[in-house]
Amino acid sequence: MGDVLVRIPVREQEPKVRATNFEEVCYGYNEEEAVEEASRCLNCKNAQCMKGCPVSINIPAFIEQVKNRNFEAAYQIISESSALPAVCGRVCPQESQCEGKCIRGIKGEPVAIGKLERFVADWARENGIKPKKADSLNGKKVAVIGSGPAGLTCAGDLAKLGYDVTIFEALHAAGGVLSYGIPEFRLPKDKVVAAEVENVKSLGVKIETNVVIGKSIKIDELMEEEGFEAVFIGSGAGLPRFMGIPGEQANGVFSANEFLTRNNLMKAFKEGYETPISRGKKVVVVGGGNVAMDAARTALRLGAETHIVYRRGEDELPARKEEVHHAKEEGIIFDLLQNPTEILVDENGWVKGIRIIKMELGEPDASGRRSPVEIPGSEYEIECDTVIMSLGTSPNPLISSTTIGLDINRRKCIIANEETGATSKEGVYAGGDAVTGAATVILAMGAGKAAAKGIHEFLSNK
Amino acid sequence: MYPIVRKEKLADQIILMDIKAPRVAKECLPGQFIIAKVDEVGERIPLTICDYDREKETVTIVVQTIGAGTMRMMDLNEGDELADFVGPLGCASELCMEENLEETKKKSIVFIAGGLGTAPVYPQVKWLHEHGVDVDVIMGSRTKDLLFYIDEMKAVAKNVYVTTDDGTYGFHGNGCQQLEALVGEGKHYDTCVAIGPMIMMKFVCVLTKKLEIPTIVSMNPIMVDGTGMCGACRLMVGGEVKFACVDGPEFDGHLVDFDQAMKRQQQYKTEEGRAKLAYEEGDTHHGGCGHCGGDK
């Protein structure tokens, strides 16, 4: 037994090797490692970790089962609360949630809850264990819009309660941001995402792809003509932002959404797939969030020298520390406290460079972050052939503009009650990025969970 | 899966297909488009809706060979299926909306269809005809062999003027020249709808600006999702960034920055060419040319 203050290290692909492939970066724990790490858990009576979990997984209970090698029991405990444990174990910001509250973390390193969750979910998949289905069906139909983390969670929870749930997905594959946004090397599509979607389907949930709500059919029609008694909107925040600087329409300027969708959903990196992608020689990614890290690390793997240009400093990077660390290991160059002012375009309309101004941090703004201020006269140019804008996204108005009586706020987000997901329209619930604007997978799952409860209460009392 | 219930060759490299797609057939309106995908490895291909049958639950699309994806789609036959078919996408044509009908009836409208543009023009002309609005249509193509739907168009339009660039059929010249000739003869139009290759729409707009005829164009830029998510289809209209997939595809042609839109359309040209060659040549390619590195 090693030092209890230190967590069992997790094996990863060598940075130099993984920078040239799309295989998963982190290998995860094996049985021995998982059991040993689980034994570091103090099994606190008043478990702080659970309070940090947006879907309230009974963390000490599942870890106890891992410690005793009852992996199937551990899986059933997790799946009572989470429809997507193999996803969450990989992409949740555990450091600021469950692990951030772990008592072990006061003196040493917190228990690796995320890696244990991942281990349990992977073990269950490899051993063919499925989540438990509802004992009986109640015959009530609920429509879920969007098959991302919010929608899958809401659908899974409702199916477990006996509802007849259909998910409508606009794209040709289920998963939402898990399919089009997060890259293969962080979240394998066939092995993990497709398998988790299958698990939700095994609960009885139907998924109809290629249906754009607001275009193919409207919410009012779903309720009036197709017999759905309640609707959950988990359509995400799909619209990309651009900077509005000169040259932004040039060839070679992409939104992170486009670049990642081509690569992840449409598998442009894989031999045999027809979708083209621009494999730049020198790529500048603008932005500092998780999506920026994903775009940069994808461009790097496609063979480019890749820079991240972010207007604030390292401490302000919104991306998870682990992602920044991985990106640096792989050779991404961080140009911090810098901001683009213009994209330089050649005579054929292609990007040839980007003009950057250096920044310094001023006083904290309303969000509490120190706002960046331009340093006059500090402009310089970087030569590049591709620019990827990763500046965040906002909700798509397709649904709100076609649904009678659905209120939105100034930021075009759907207004919904935080505890129940209820919107201004009776029977219609919403959650995830469509309500909050771009946030995380797990927060969307938390909202999907809350809405499932809200819908259940609404339909039980109807 | 979406079955192909009818396939017809219209012209060289141009085919028509009726696809069984109940949700799309129920909701679609003239001016809108769909995105189709042949199979797992295929691209998402945006295609305009050429016709629809709400009872048979079918949508008619017209496909022309552009890249590997369209070639493989054209190789499919009746009874085969498309893996994906999503829509209707984009906004319906404002001329073909019930609420605008009174206004539309007051107008004297000319449509100019260039090449494959006949496909999206046809349902608009048909809809207007069914709603008591008769319009003139100019149908142009490079040469006789590329013309299609002339009889169908004649059945729903007041006058149909066919042009070919090489003079092998109809008026010898292009759509612009035909429009100029008609106006010269004393025809009066107060609305023009031009749909076809971007270069053709650009020149129609140059002409109609001079003739002071407000002109609607339908833009067909590169797209991925078709729901506003990727921004690949962005274009400048009157100095503002618009997404063709959700704000369009129809725009005021006099405000569109065509030069930029045409440059943007070239973005993946090399990659598309490579994929098409790989498909055409199949196993016959051995990478011996020394230029392509074996991947074409």
Side-chain angles (χ1 to χ4, degrees), chain A residues 168-173 180-181 208-218 221 225 235-242 244 248-262 265-268 270-279 345 348-350 389 393-394 396-398 401, chain B residues 2 21 23-24 26-28 32 34-35 37-45 67-69 72 83-91 222 224-236 241 243 246 257 259-272 274-276 278-279 295:
Chain A
F168 295 97
E169 167 57 47
L171 291 169
H172 58 268
Y180 75 75
E208 196 180 329
T209 51
N210 298 320
V211 182
V212 182
I213 301 297
K215 288 286 175 192
S216 309
I217 186 164
K218 299 183 179 69
E221 293 166 330
E225 293 169 22
S235 51
L239 297 191
R241 285 201 196 107
F242 289 93
E248 217 167 10
Q249 316 313 325
N251 289 358
V253 183
F254 306 98
S255 72
N257 265 5
E258 177 182 356
F259 187 72
L260 290 171
T261 301
R262 284 181 182 278
L265 177 74
M266 306 300 299
K267 302 196 168 55
K270 259 193 189 173
E271 186 74 24
Y273 281 76
E274 278 166 5
T275 297
I277 195 160
S278 168
R279 289 172 184 255
V345 187
N348 297 317
W350 283 85
M389 291 293 178
T393 51
S394 55
N396 196 321
L398 269 184
S401 66
Chain B
Y2 303 83
R23 286 198 187 277
V24 186
K26 182 168 179 259
E27 291 288 323
C28 67
Q32 292 186 295
I34 58 96
I35 286 182
K37 192 165 169 289
V38 172
D39 53 20
E40 163 66 21
V41 300
E43 275 193 79
R44 291 173 64 93
I45 304 171
R72 290 201 304 123
D84 299 285
F85 193 87
V86 59
L89 300 168
C91 302
I222 294 168
V224 183
D225 62 289
T227 63
M229 208 179 87
C230 78
C233 66
R234 63 192 190 275
L235 69 165
M236 297 299 284
V241 180
F243 287 6
V246 285
D257 183 342
D259 292 338
Q260 188 185 70
M262 283 189 283
K263 279 182 188 157
R264 287 189 60 77
Q265 211 170 25
Q266 304 301 311
Q267 199 149 204
Y268 292 104
K269 220 179 162 192
T270 328
E271 283 85 348
E272 265 170 15
R274 275 200 198 114
K276 186 177 158 194
Y279 180 67
D295 69 341

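Quick note on labels: first sequence line is chain A, next is B, and so on, each numbered from 1. On a predicted model such as this, the values are computed, not experimentally measured, just so you know.
- Salt bridge status for Arg72(B) with Glu274(A): present, with a side-chain N to carboxylate O gap under 4.0 Å.
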Checklist entry - Given the rule in the side-chain contact (heavy atoms from CB on, under 4.5 Å) test, do Arg44(B) and Leu171(A) qualify, once you have shown the distances and angles that lead to the verdict? => result CA-CA 10 Å; Arg44(B) 291 173 64 93; Leu171(A) 291 169; 3.9 Å; yes

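- Contact annotation for Leu398(A): only side-chain heavy atoms (C-beta onward) come within less than 4.5 Å of a heavy atom of chain B.
- In this structure, chain B has a heavy atom under 4.5 Å from the side chain of Glu221(A), while its backbone stays farther away.
- The structure places OG of Ser278(A) at 9.0 Å from CZ of Arg262(A), a figure rounded to the nearest 0.5 Å.
- Neither the backbone nor the side chain of Ala268(A) comes within contact range of chain B; no heavy atoms are under 4.5 Å apart.
- Looking only at side-chain heavy atoms (C-beta outward), Lys263(B) and Val345(A) stay at 4.5 Å or farther from each other.
- Partners of Glu208(A) under the salt bridge (charged side-chain N to carboxylate O under 4.0 Å, His left out) rule, at least two apart in sequence or in another chain, are Arg23(B).
- Contacts of Ala83(B) with chain A are made by backbone atoms alone, with heavy-atom separations under 4.5 Å and no side-chain atom involved.
- Within the 4.5 angstrom heavy-atom criterion, only side-chain atoms of Lys267(A), from C-beta onward, approach chain B.
- Heavy atoms of Val24(B) lying under 4.5 Å from chain A are absent altogether.
- Residue Phe243(B) touches chain A through its side chain alone, counting heavy-atom pairs closer than 4.5 Å.
- Neither the backbone nor the side chain of Val38(B) comes within contact range of chain A, judged by heavy atoms closer than 4.5 Å.
- Only the side chain of Tyr180(A) comes within contact range of chain B, judged by heavy atoms closer than 4.5 Å.
- In terms of non-hydrogen atom pairs under 4.5 Å with chain B, the most contact-rich of Gly238(A), Pro397(A), Ser216(A), Gly252(A) is Ser216(A).
- Taking Gln32(B), Lys37(B), Gln260(B), Lys26(B) one by one and counting their heavy-atom pairs under 4.5 Å with chain A, the maximum is reached by Lys37(B).
- The shortest distance between side-chain heavy atoms of Lys215(A) and Val86(B) does not fall below 4.5 Å.
- Rounding to the nearest 0.5 Å gives a distance of 6.0 Å between CZ of Arg264(B) and CG of Asn251(A).
- Contact of Thr261(A) with chain B is made through the side chain alone, with heavy-atom distances under 4.5 Å.
- Within the 4.5 Å cutoff, no side-chain heavy atoms of Ile217(A) are placed close to those of Phe168(A).
- Interface remark: Lys270(A) contributes no atoms to any contact with chain B (heavy atom separation under 4.5 Å).
- Among the candidates Val246(B), Val224(B), Asp257(B), the residue making the largest number of heavy-atom pairs closer than 4.5 Å to chain A is Val224(B).
- Of the inter-residue distances, the one linking Ile277(A) atom CD1 with Met266(A) atom CE reads 11.0 Å to the nearest 0.5 angstrom.
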